[in-house]
Amino acid sequence: MKIVGTPREARKIIAGFREAGESIGFVPTMGDLHQGHLSLVNMALEKCDRAVVSIFVNPKQFGPKEDYGRYPRNEEKDHAILEKIGCDLLFVPTVKDLYSTSDRTRISVRNISEHLCGLSRSGHFDGVVLVVSKLFNIIAPDMAFFGQKDAQQAVVIQRMSADLNFPIRIFLGPIVRDENGLALSSRNRYLDISEKKRAASLYKSLSEAFNMLTMGERNPDKICKRTKSIIENAGLEVEYVEIVNGKTMEAVDEVSGTIMIAVAAKLGGVRLIDNIAARIENDLVEEVLLEFPEWSGYE
Ligand code: PAF
């Protein structure tokens with residue numbers, strides 16, 4: 001595995017892959033890799049000739065009171081894991097490598113960014129799409145892989161990518177969970193063992209919501225009320241429980257088509273999110289991954 005820090009070095013290696021006619025799968029990350037990330041790298045390796053991973057804790061997507069300074073960083077361990085799994089290129093730029101002090105360009109994906117996490121994390125998705133568009137420009141992959149856990153982020157990125165004509169197909173990988181059902185996340189490091197067990201109430205609440213759907217309940221308010229009570233009973237502070245349209249991220253009045261039940265809650269100051277996406281046609285309720293059409297970059 002080659003490890004490079006500057007965009008120039010990354011472009012040089014990518015050009016070599018392209019000259020050899022190889023396809024490129026890209027997994028952007030902020031490091032402290034867990035099985036969720038590794039499942040995405042495996043998807044990239046399965047679908048493409050080369051897998052490229054970036055590790056960059058992006059300051060522009062953290063609010064002033066958020067955890068940028070203490071976000072888990074674990075470089076040596078990450079490098080070793082990626083080497084072992086067969087990653088071809090690891091791109092680890094510094095803040096200076098990606099951001100010039102004179103930059104003035106901002107990107108904003110309207111509407112989709114304003115729901116769910118966008119309400120409490122103002123500017124977060126603008127920071128995400130800014131860095132991802134830079135990374136897409138540098139790596140120029142054929143496919144990019146994101147986790148369903150951050151489904152809203154993936155929908156926002158897919159929109160940005162299509163709107164800016166990046167010829168990149170976006171794939172989502174399933175949420176990877178621990179033995180209690182807690183969705184893997186680098187921020188789980190902030191929780192102790194007993195907190196992790198309580199945090200698994202997010203998944204319990206989502207499973208109950210999904211059961212209600214399979215039993216025929218179609219009233220979003222009833223489902224959300226029950227979901228919220230399960231999380232609150234575990235002592236977490238609920239930020240939102242919503243059933244949203246799988247494309248627009250807007251709350252639905254009626255549960256049908258592809259929807260996502262999304263939850264966010266805080267436990268001892270640690271913010272956690274989780275979701276289940278489902279396709280509902282008449283009586284049939286099926287758990288799904290959100291999917292994006294072939295390349296939708298306005299060909
Ligand atoms: O999901 C993440 O780890 C980050 O938001 C991403 C996509 C790497 C952009 O910084």
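Read the numbers this way: they start at 1 and go in the same order the structure lists the ligands and their atoms. Positions are given from 1 along the sequence.
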Q: May I ask you to check whether D32 and Y71 show a side-chain donor-acceptor distance below 3.5 Å?
A: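 Absent: no donor and acceptor within the cut-off.
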Atom indices of ligand 1, in the order listed, that fall short of 4.0 Å to a heavy atom of [X]:
X	value
V131	9 (C), 10 (O)
Q153	1 (O), 2 (C), 4 (C), 5 (O), 7 (C)
Q61	4 (C), 5 (O), 9 (C), 10 (O)

Q) Does R73 make a cation-pi contact with Y68 (under 6.0 Å, within 45 degrees of the axis)? A)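 Ring-cation test returns yes.
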**Q.** Side chain N58, main chain G127, donor-acceptor under 3.5 Å
**A.** yes
Q: For a side chain to side chain contact (heavy atoms under 4.5 Å, CB included) with R121, tell me which candidate from E239, E66, Q61 qualifies.
A: E66
Q) Would you say T29 has any N or O atom under 3.5 Å from an N or O of ligand 1, going by distance alone? A) no
**Q.** Contacts of type ring-ring contact (aromatic ring centres under 6.0 Å, His included), residue F136, not counting sequence neighbours
**A.** F166
Q: Return the residue, atom name and 0.1 Å-rounded distance of the protein heavy atom closest to atom 3 (O) of ligand 1.
A: M30 CG, 3.5 Å
